[in-house]
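Presented below is the structure to which this report refers.
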Amino acid sequence: MKKISVLFVCLGNICRSPAAEAIFLSLLETKGLKDGFIVDSAGTGSWHIGKKADSRMRIAAERRDINILSRARQITIKDFDEFNYILAMDDSNFRNILDLKKRSATSDYASIKKIQDFRSVFNEQEVPDPYFGGDEGFDYVLNILEDSVNGFLESIS
Ligand code: 4NP
C-alpha cells in the first residue's frame with residue numbers, strides 16, 4: 001500500500017517543525033502505524049540548512065522521551081508533488097508556502113493546511129515562534145503540538 005507522506009513546515013526548520021515531525025513519529029510508533037508513513041519537516045527560510053534542531057527544543061523534547069533527529073532543510077517545489085500533506089506552523093509560513101506554490105506552478109497534489117486547524121485542547125490558531133523567547137516557550141510549543149498533531153492523525157485515520 002502507498003505510504004501517506006506528511007511534511008511539517010515552519011520558518012527556520014530548527015524549532016517548531018522538527019518538533020512536530022518528532023511528535024508525529026512518536027505517535028505513529030506508539031500506534032504501530034509508522035510503516036505507513038513518510039514524515040519530514042522543512043523551513044521556508046534557508047538560514048539554518050544542515051543544522052540540528054535548536055538544542056533548547058531538543059532538550060525540552062527529550063524530557064518527554066521524544067528524540068528530534070532531523071537536520072534543517074528548505075522547502076522545495078518538488079515537495080508539492082511528493083507530499084500528501086504540507087502542514088504550516090503559522091499564518092506567515094502558510095502564506096509563504098502558497099506563494100512558492102503559485103510562483104512555481106506545481107500540481108495540486110499536496111493538501112496544504114495549518115497544523116492548528118487540527119487543535120482541540122489549545123485555542124492557539126498558530127504555533128508561536130519560540131526562537132527569541134525563554135525556555136518555557138519550547139515546552140508550550142510541545143504542548144500545543146501534541147494536541148494538534150494528534151488531531152491531525154485522527155482526521156486522516
Ligand atoms: P522555527 O523558529 O521557525 O520554529 O524553526 C525559528 C528559528 C530561527 C529563526 C526564526 C524562527 N531565525 O530567525 O533564525
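First listed ligand is number 1; within each ligand, the first listed atom is number 1.
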**Geometric class of the F152/F24 ring pair [parallel <30°, tilted 30-60°, perpendicular >60°]** =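 It falls in the tilted class, 30° to 60°.
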
**Asked** Which bit of N13 gets closer than 4.0 Å to ligand 1, counting heavy atoms only: side chain, backbone, both or neither?
**Response**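 Near ligand 1, N13 shows its backbone, while the atoms from C-beta on stay back.
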
**Prompt:** How does L11 reach ligand 1, if at all, at less than 4.0 Å between non-hydrogen atoms: by side chain, backbone, both, or neither?
**Reply:**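 Both backbone and side chain of L11 come within 4.0 Å of ligand 1.
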
Look at [atom] and say which protein heavy atom is nearest, naming residue and atom and giving the distance to 0.1 Å.
{"atom": "atom 12 (N) of ligand 1", "value": "Y131 CE2, 3.6 Å"}
{"atom": "atom 1 (P) of ligand 1", "value": "C10 SG, 3.5 Å"}
{"atom": "atom 14 (O) of ligand 1", "value": "H48 NE2, 2.8 Å"}
{"atom": "atom 2 (O) of ligand 1", "value": "D129 OD1, 3.3 Å"}

**Asked** Regarding S111 and N84, is there a side-chain donor-to-acceptor distance under 3.5 Å anywhere?
**Response**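 Absent: no donor and acceptor within the cut-off.
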
**Request:** Tell me yes or no: between the side chains of D90 and N93, is some donor less than 3.5 Å from an acceptor?
**Result:**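 Yes, side-chain donor-acceptor contact under 3.5 Å.
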
Report yes or no: does [X] contribute a side-chain atom to a donor-acceptor pair with the main-chain N or O of [Y] at less than 3.5 Å?
{"X": "N96", "Y": "T44", "value": "no"}
{"X": "R64", "Y": "D139", "value": "yes"}
{"X": "Q74", "Y": "G43", "value": "no"}

**Asked** Quick one: does F132 get an N or O within less than 3.5 Å of an N or O on ligand 1?
**Response**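 Not met; the criterion fails.
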
**Message:** When you compare ligand 1 with P130, is there at least one nitrogen or oxygen pair between them that comes in under 3.5 angstrom?
**Reply:**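 Between P130 and ligand 1 (N or O atoms, distance only) the closest approach is not under 3.5 Å.
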
Could you list the atoms of ligand 1 found under 4.0 angstrom from a heavy atom of [X]?
{"X": "C15", "answer": "1 (P), 2 (O), 4 (O), 5 (O)"}
{"X": "G12", "answer": "1 (P), 3 (O), 5 (O)"}
{"X": "I14", "answer": "5 (O), 7 (C), 8 (C)"}

**Request:** Please test F83 against Y109 for ring-ring contact (aromatic ring centres under 6.0 Å, His included), starting from the C-alpha separation and ending with a verdict.
**Result:** CA-CA 8 Å; F83 284 87; Y109 180 73; 9.2 Å; no

**Item:** Test: D91 and K114 ion pair at under 4.0 Å
**Value:**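 Counted as a salt bridge, because a side-chain N and a carboxylate O are separated by less than 4.0 Å.
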
